[in-house]
Amino acid sequence: METNAAPYMLLFRNSGPENYQYLSPEQRQQLMARWNTWYDDLSAQGKAIEGQPLELERRLVSGIGGERIVDGPFAEAKEAIGGYVKLMVSGLEEATEIAQRHPALEYGLQIEVRELTHACHLGVQHHTSSQLSAV
Amino acid sequence: MARADSAAPTADAPGATPTLPPLQLVEHFFRHETGRLHGALIRLVGIHNLALAEDVAQEALLRALRTWSMGGVPANPSAWITRVAMNLARDAFRHQRMATTKEPAIVTHFEQTLPTSAAVADNNTEIRDDALRLMFICSHPSIAPDAQVVLALKVLCGFSTGEIARAFLSSEAAIEKQFTRTKQRIQAANLPFDIPEGEDLGPRLDGVLAAIYFLFNEGYKASAGDRLLREELCQEAIRLASLLVAHPAGDTPRSHALLALMLLTSARFSSRIDEDGDLLRLDDQDRSKWDQSLIERGLLHLVAAAQGHELTAYHVQAGIAACHCTAAAAASTDWGPDSAPLR
């Protein structure tokens, strides 16, 4: 891993089951295998740190004291984040190039690329990067 | 952690050894799981609920795709997918019960037979029996032979409508229409989801063998359709026949003869087409390309086929195929003493 690597998040949208319903079982298996290869290659290079799918069930909490709770699923399912991958890479350019190689883009997947800041805006010191270096 | 897979029920605890190679699925896993799920679900919900079983299997497979793409393949993918499918089926039935209040008995039965937590069926006998029951449904005499093959490919082998259409040079709409008609027929005829016994077994087994033979021939005809897919039809026919002979009900000389015939024939697959894609006559084929492991398996089943006194068309054809496969060159083919008319 490069010493000046910084943490980035790839956020996956429009990755719901409906995107793949017209694929044959063989095509689904191939897509899954390509997706895993994409991740495993990055992981072997130390560039992908972790990744995980998110359950489809959602709940939106808002209002003072969390008085408004909206249960999913929502109409705008395409907007929902379906999973994420955390990268350690040289910058936004490299993170974007990695996202561009994703095999599910051809099936409608949308990837948002965001850098993780080292300190949050409330001023609390962030200590994830020191943990990450031990991975 | 190399890859987070905490969403999988059988996943290791977080922090599992990152040096383990990532799990890969066996070839055709999704396709064969579709067939397996259909069998398990139909046993629970009944053959008249075939459409529900299809929807549930489809949804379970889609969830597996989504979760395993992002989270990696769980340690026991079959168990994972079975549990998801069973939960989906139970939810569907609860929903139906609330909507109609007509099937409480089935729901009760269903919940009693649900596999408990981690002990999800990895039971080979059960899987084999479900597959066999499905074979008897797919080859039922009330269904026309070509419809039988589409039904088997869809329900038993997990092919998509698009794949079947490509293999048969047909349109997806035509295949879908035929499949819908077959499903209506099954529902109307109230076919039993069981393995025939006693004197019913013989003729029904002949029906299964005929359907498998038809499936193999559809794949073997190299004249039209997607060649790779058509070879997979042949592989499916061999897989089904292998399941059949492994079951006491299907372990008959004629089943072994059919399996031998298909193994010995498919051993010559890779040599029957030249570089331009044209068919090669047997005399012109490169015999070193023949698949020796398939020939060996075929000859073993031919031995098993010789037990007892049955002599069927499958025996004769398998015998001829064996003559070819064991000859080093076309000229040295040992036709045997009684086979002059075969030359």
Side-chain angles (χ1 to χ4, degrees), chain A residues 9-57 77 80-86 102-109 111 131-132 134-135, chain B residues 1-8 11 14-15 18-37 55 57-73 77 81 84 88 153-154 157-167 172 228-229 232:
Chain A
M9 289 291 266
L10 300 184
L11 303 172
F12 297 144
R13 287 198 174 81
N14 198 23
S15 61
E18 63 281 357
N19 290 39
Y20 312 114
Q21 63 179 326
Y22 295 112
L23 299 184
S24 73
E26 292 297 279
Q27 289 170 318
R28 288 177 191 164
Q29 187 165 341
Q30 280 160 16
L31 172 62
M32 200 200 79
R34 286 170 63 204
W35 191 319
N36 283 335
T37 304
W38 172 86
Y39 183 90
D40 292 336
D41 288 350
L42 293 170
S43 178
Q45 297 169 51
K47 289 181 176 175
I49 306 308
E50 63 166 278
Q52 215 161 327
L54 272 57
E55 291 289 352
L56 295 168
E57 192 183 352
I81 295 174
Y84 71 91
V85 162
K86 191 171 184 176
H102 200 289
L105 291 171
E106 59 194 270
Y107 300 105
L109 181 71
I111 306 174
Q131 287 176 343
L132 283 176
V135 172
Chain B
M1 189 163 62
R3 184 153 58 183
D5 53 358
S6 60
T19 49
L20 282 175
L23 283 164
Q24 293 290 334
L25 294 178
V26 295
E27 219 184 339
H28 307 314
F29 177 86
F30 272 40
R31 178 186 284 170
H32 291 163
E33 278 299 289
T34 311
R36 189 184 65 77
L37 285 176
D55 288 348
Q58 166 92 336
E59 176 70 21
L61 265 295
L62 280 170
R63 289 199 182 187
L65 164 66
R66 188 180 166 277
T67 308
W68 302 353
S69 292
M70 286 187 242
V73 179
I81 220 161
V84 168
L88 286 169
L153 284 174
K154 196 97 205 285
C157 308
F159 280 65
S160 70
T161 313
E163 285 174 316
I164 299 171
R166 270 195 292 142
E172 274 191 55
L228 202 63
L229 262 171
E232 286 180 11

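Small disclaimer: the values here were computed from a predicted structure and weren't measured. All chains are named by letter (A, B, ...) in the order of the sequence lines, taking the proteins before the strands, and each is independently numbered beginning at 1.
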**Asked** Do A/Ser15 and B/Met70 have side-chain heavy atoms sitting under 4.5 Å apart?
**Response**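 In short, these two side chains touch, coming nearer than 4.5 Å.
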**Within-4.5 Å side-chain heavy-atom neighbours: A/Asn19 and B/Arg66** =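 No; the side chains remain at least 4.5 Å from each other.
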**Message:** So, using side-chain contact (heavy atoms from CB on, under 4.5 Å) as the criterion, who are the partners of A/Ala104 when residues are at least two apart?
**Reply:**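 So A/Ala104 forms a side-chain contact (heavy atoms from CB on, under 4.5 Å) with A/Tyr20, A/Leu31, A/Trp35, A/His102, A/Leu109.
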**Request:** Report the residues that fulfil salt bridge (charged side-chain N to carboxylate O under 4.0 Å, His left out) with B/Arg31, sequence neighbours left out, ordered by chain and then residue number.
**Result:**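 Scan of B/Arg31 (salt bridge (charged side-chain N to carboxylate O under 4.0 Å, His left out), adjacent residues dropped) gives A/Glu26, B/Glu163, B/Glu232.
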**Message:** Distance check, rounded to the nearest 0.5 Å: B/Leu65 atom CG versus A/Gln21 atom CD?
**Reply:**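 So the CG of B/Leu65 and the CD of A/Gln21 are separated by 12.0 Å.
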**Value rounded to 0.5 Å, distance of CH2 in B/Trp68 from CE in A/Met32** =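 Reported to 0.5 Å precision, the distance equals 7.0 Å.
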**Request:** Answer with side chain, backbone, both or neither: which region of B/Glu27 has an atom nearer than 4.5 Å to a non-hydrogen atom of chain A?
**Result:**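 Backbone only.
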**Message:** Evaluate A/Glu18 against B/Leu62 for side chain to side chain contact (heavy atoms under 4.5 Å, CB included), listing each step before the verdict.
**Reply:** CA-CA 8 Å; A/Glu18 63 281 357; B/Leu62 280 170; over 6 Å; no
**Enclosure of A/Tyr107 OH (heavy-atom neighbours >12, cutoff 6.0 Å)** =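 Buried by this count: over 12 neighbours within 6.0 Å.
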**Request:** Check B/Thr67 against A/Pro53 and note the closest heavy-atom contact, atom names and distance.
**Result:**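 Reported closest heavy-atom pair: O-CG, 3.7 Å.
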**Asked** What part of A/Gln30 gets closer than 4.5 Å to chain B, counting heavy atoms only: side chain, backbone, both or neither?
**Response**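 No part of A/Gln30 comes within 4.5 Å of chain B.
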**Item:** Side chain, backbone, both or neither of A/Phe12 within contact of chain B (heavy atoms, under 4.5 Å)
**Value:**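 Side chain only.
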**Prompt:** Which one of A/Ala33, A/Ala44, A/Gly82 has the most heavy-atom pairs closer than 4.5 Å to chain B?
**Reply:**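 Most heavy-atom pairs under 4.5 Å with chain B: A/Gly82.
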